[in-house]
Amino acid sequence: MYYQTLLKELAPDLNPAGVEASMRLHYGTLNHLPRETFFKEARLAADLERQSPGILRRIADSMGMGGEFAKWEA
């Protein structure tokens with residue numbers, strides 16, 4: 001949940017569970033990443049969502065994070 005709270009702060013218009021899921025596809029674990037990487041990845045996720053609406057939800061679902069995504073949507 002720490003990562004999602006940070007991502008919500010960095011990119012308030014994005015669903016942080018979706019951003020975290022997309023980052024985990026690329027990096028696996030996130031604890032070694034600097035804050036700057038989270039910011040860059042949030043921007044990339046925003047671009048991805050603009051190009052393919054709903055992709056962050058689908059990624060979150062595929063990573064077993066659909067419930068977390070839904071909580072942020074509520």
Side-chain angles (χ1 to χ4, degrees):
M1 192 66 156
Y2 166 77
Y3 300 123
Q4 292 175 26
T5 302
L6 173 61
L7 289 164
K8 188 66 172 174
E9 175 187 322
L10 296 174
D13 294 337
L14 294 175
N15 185 299
V19 179
E20 179 184 349
S22 71
M23 289 179 70
R24 288 188 181 282
L25 278 176
H26 184 72
Y27 296 103
T29 61
L30 307 180
N31 62 340
H32 67 287
L33 300 173
R35 183 181 176 98
E36 178 181 299
T37 301
F38 282 83
F39 181 73
K40 288 178 182 178
E41 290 294 325
R43 288 193 344 226
L44 288 172
D47 289 342
L48 182 62
E49 186 68 23
R50 271 192 296 279
Q51 292 174 13
S52 185
I55 190 70
L56 293 179
R57 177 184 293 275
R58 291 191 298 277
I59 293 170
D61 286 342
S62 75
M63 298 292 288
M65 298 174 69
E68 292 173 55
F69 191 98
K71 285 180 187 176
W72 285 102
E73 292 290 296

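Atoms considered below: every heavy atom in the structure, side chains included; atoms not considered: hydrogens, waters and symmetry mates.
The nearest pair of heavy atoms linking R24 to T29 is NH1-CA, 4.1 Å. Looking at every heavy atom in both residues, L10 comes nearest to F39 through CD1-N, 3.8 Å. A pairwise comparison of heavy atoms in G18 and F69 identifies N-CD1, 3.7 Å as the closest pair. For the residue pair P16 and Q4, the shortest heavy atom distance occurs at CB-O, 3.2 Å.
Note that CE of M1 and NZ of K8 are 11.0 Å apart. Values are rounded to the nearest 0.5 Å. Remark: L25 CG to E41 CD distance equals 10.5 Å, nearest 0.5 Å. For the atom pair CG (N15) and CD (E20), the distance works out to 10.5 Å, reported to the nearest 0.5 Å.
Judged purely by atom type and a 3.5 angstrom limit, Y3 has no side-chain atom pairing as donor or acceptor with the backbone of V19.
Both L14 and L30 sit in one connected hydrophobic cluster of ILVMFWY residues. Membership requires side-chain heavy atoms under 4.5 Å apart, directly or through other members. Note on W72 and M65: separate hydrophobic clusters, where clusters join Ile, Leu, Val, Met, Phe, Trp and Tyr whose side-chain heavy atoms are under 4.5 Å apart, directly or indirectly. Under a hydrophobic clustering in which Ile, Leu, Val, Met, Phe, Trp and Tyr are joined whenever their side-chain heavy atoms come within less than 4.5 Å, directly or via other members, F38 and L44 fall into different clusters.
Taking the six-membered ring for Trp and thresholds of 30 and 60 degrees, H32 and Y27 have ring planes more than 60 degrees apart, a perpendicular arrangement.
By the side chain to side chain contact (heavy atoms under 4.5 Å, CB included) test, D13 pairs with no residue at all, sequence neighbours left out. Contacts of K40 classified as side-chain hydrogen bond (donor to acceptor under 3.5 Å, both in side chains), with partners at least two apart in sequence or in another chain: E36.
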Kindly list each side-chain donor-acceptor pair under 3.5 angstrom involving residues 53-62, sequence neighbours excluded, with atom names and distances?
from : atom 1 : to  : atom 2 : distance (Å)
R58  : NH1    : G54 : O      : 3.4
R58  : NH2    : S52 : OG     : 3.3
S62  : OG     : I59 : O      : 2.8

Please determine whether side-chain contact (heavy atoms from CB on, under 4.5 Å) holds for the pair E68 and M63, giving the CA-CA distance in whole Å, both sets of side-chain angles, and the decisive distance to 0.1 Å.
CA-CA 11 Å; E68 292 173 55; M63 298 292 288; over 6 Å; no

